[in-house]
Number of protein chains: 2
Amino acid sequence: MKQTKLASIEPTTTAAEAGQTVTEITAARIRERVISGTLSPGSHLSEATLCEELQVSRNTLREVFRLLTTEGVLRHEANRGVFVTTPSISTIMDIFHIRRLIECSAVSGAHHRHPSISKMRAAVDAAIKHRDRSEWLDVGSADIAFHAAIVELADSPRLSAFYAQISLELRLVFGLIRDPEYLHAPYVGQNATILAHLEEGATANAAEALEKYLYQAERFILAAYSRAIPG
Amino acid sequence: MKQTKLASIEPTTTAAEAGQTVTEITAARIRERVISGTLSPGSHLSEATLCEELQVSRNTLREVFRLLTTEGVLRHEANRGVFVTTPSISTIMDIFHIRRLIECSAVSGAHHRHPSISKMRAAVDAAIKHRDRSEWLDVGSADIAFHAAIVELADSPRLSAFYAQISLELRLVFGLIRDPEYLHAPYVGQNATILAHLEEGATANAAEALEKYLYQAERFILAAYSRAIPG
DNA sequence: CTGGTCTATATTGTTCAACAATTTTCGTGC
DNA sequence: GCACGAAAATTGTTGAACAATATAGACCAG
C-alpha cells in the first residue's frame, strides 16, 4: 500500500490523510474538485488523463470511480465512462423534500438532553464567529454541521449516512452558485432560534421553525440556482 | 469487455444479464449469495479465493467490493479486507424506524391516482396468487415490491434509491430467519387493506394502517430474529 | 447540405503478473 | 499463557496488455 506518491504531487499531505489508503485520498481529492467546480457538472472524466494527473494507477482510479458514483458525486455509464453529476432544479427540490422529512422528524422526536444538541450549539457558535469575520465558506460549513447534528438526534446510522450524501449534493449546488455570503448570511440567526427551542424542550416549536426555514431556503436556493445556471 | 467467461462457470447466463458488464454480474452474484446465506454474516471474503471461484480478475472483484460495500451488503476494513455485514437487533430497529418515516410519509402525501398505485395493486394480486400456491419466497418478493411502490408515491429518486438499500438489508434479515411462510403469511391481507384505503383516497386511514402494520412487523421480526440468531 | 457507411482511433472494461505494505500465523523461549 | 520474531498470507497498488465498445473522421450518394 502506497501513501508517499500522492504526497509528491499535491503540495501537502494533510494530517487527515495519514493512515488513509491511496484510494481514499484520491476519492477525497476528486470529491473536492467536483464541489469546488474545478471539475464542472456534466463533464466527462477520462481515466487515462485523470490517473496521469493524480499519479495513481488506472485500476485504483476505477475503484475510486465506483465509490464516488455510489455517493452521487459521479455518474457512471457502462462503456462510456464517468461524468460529473449535474444538479438540476428537481435535484434541489428532491433534496429539500428529503431534508424536511428527515430533519423535522428528528427534531420532533428529540430529547432536549440528547448529546447531539451540544454539537448543534458548537456549530451555531462557530457560525456566528465566522460570520463576524466574514469567513463565509466557514459559515457554510458550520451550517452544514448544524443540520447534520439535527439528523443525529434520530440516532439512526442509516439516516445519518443518507443525509451525509444529501449534504454532499447540496454542497455541490452551493459551489455552483458561487456566493457563500449570499447563501448563508441570512440564516445564521435562524439556527440559533431552532436550537433555543430545542434546548428548552419545545420540540414542536423547533420543528415548526425548522420547517419554515427549509421552505424559505429552498425557494431562495432555487432562485439563486436559476440565475446562476442558465437554461 | 468480457461477458462470456462468467457464463462458462455459472450454469446459465440469464436474460437479465445480457448487456451487463462482468462487474455488474459479479456484484449480483455475490449479493445473491449474501442474501441466501451461502456467504454467512460476519464471514471474511478472500479476494484470492473468491476471484478464482467466480473466475474474474482480482481487480474486477475489488471494484465489485467497492460497490457492495457502499450498498451495505459488505463491510470493508482497510488492510484487513471485506466482510459480510452482520445484521443485529439494532439493524432491524433502524430499518423499521426508517420505513415508518418514509413509507408513512409517502402514503400520507399520496394522490389516489398516482401511477404507483397500479404497481401496488399488481403486487397485492401477485402475493395472493403465490400465497394460494404456497410459494412463500414469491409472496415475500411481492411484499417487498408493494412497499417499494409505496415509496415511489413520494416521487423522490433519492428516497427510492435509499429505500432499495434498506430493502436489501431487510432481505438479508429475512434470509437469516429462513422461514418465508412464517414471515409473510400473516400479512398478505394487510397490504390489500392499505391499498383499498389509498384507492378510495383515504390517505390518513392508509397511513394509520401502514404504521400499525410496520410496528407489528417489527416486533414479529425482532422476535423471530432473536430466536434464529443466538446471542 | 444531410445522411449513411466504413475505417481508424480513442476509450472503457477486464485480465494478469508483480511488488509494496500490512496483517496474520506459526514457532520458540520463558 | 504471554511475548517476540520470522515466515506466510493477504490486501493495496501498479503497469502493461488485450478485448470490446464508442467516437471521430473521411468519403460517397442523393
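Chain identifiers are assigned alphabetically (A, B, ...) following the order of the sequence lines, protein sequences preceding nucleic acid strands; residue numbering begins at 1 within each chain.
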**Q** How close or far is atom P of D:dA16 from atom CD of A:E47, stated in whole angstroms?
**A** 16 Å
**Q** Between A:T23 and D:dG12, does any side-chain N or O lie under 4.0 Å from OP1 or OP2?
**A** no
**Q** Roughly, in whole Å, what's the span from CG in A:L61 to C1' in D:dT14?
**A** 13 Å
**Q** Could you tell me how far apart A:H76 (NE2) and D:dA22 (C1') are, to the nearest whole angstrom?
**A** 13 Å
**Q** Which residue pairs pass the ring pair (Phe, Tyr, Trp, His ring centres under 6.0 Å) test with at least one member in residues 37-91 of chain B, sequence neighbours excluded?
**A** B:H44-B:F83
**Q** Can you measure B:E52 atom CD to D:dT10 atom C1' for me and round it to whole angstrom units?
**A** 15 Å
**Q** Give the rounded distance in Å between these two atoms: CG of B:N79 and C1' of C:dT24.
**A** 12 Å
**Q** Report the distance from atom CZ of B:R62 to atom P of D:dG15, rounded to the nearest whole Å.
**A** 15 Å
**Q** Atom NE2 of B:H44 and atom P of C:dT22: how far apart are they, to the nearest Å?
**A** 17 Å
**Q** Donor-acceptor pairs are to be reported for all side-chain atoms of residues 167-174 of chain A against protein atoms at under 3.5 Å, with residues two or more places apart or in another chain.
**A**
unit_1, atom_1, unit_2, atom_2, d
A:E169, OE1, B:R158, NE, 3.4
A:E169, OE1, B:R158, NH2, 2.9
A:E169, OE2, B:R158, NE, 2.9

**Q** Specify whether B:F220 and B:Y187 have parallel, tilted or perpendicular ring planes, treating 30° as the upper limit for parallel and 60° as the lower limit for perpendicular.
**A** perpendicular
**Q** In whole angstroms, how far is the C1' atom of C:dT12 from the CG atom of A:L50?
**A** 14 Å
**Q** Between C:dT12, C:dT23, D:dT13, spot the one nearest the side chain of A:S46, thanks.
**A** C:dT12
**Q** Compare the minimum distances between each of D:dT13, C:dT14, C:dT23 and the side chain of B:R80, then state the nucleotide with the smallest one.
**A** C:dT23
**Q** Closer to the 5' end of DNA chain D via nearest nucleotide, is it A:N59 or B:R58?
**A** B:R58
**Q** Do the side-chain N or O atoms of A:T60 get closer than 4.0 angstrom to the phosphate oxygens (OP1, OP2) of D:dT14?
**A** yes
**Q** What is the nucleic acid contact for B:L45, judged by heavy atoms within less than 4.0 Å: base, sugar-phosphate only, or nothing?
**A** sugar-phosphate
**Q** Does the side chain of A:T21 get closer than 4.0 angstrom to OP1 or OP2 of D:dT11 through an N or O atom?
**A** no
**Q** Can you find a side-chain donor-acceptor pair between A:Y163 and A:E103 that sits under 3.5 Å?
**A** yes
**Q** Going by side-chain contact (heavy atoms from CB on, under 4.5 Å), B:I95 matches just one of B:M93, B:R99, B:H97. Which one?
**A** B:R99
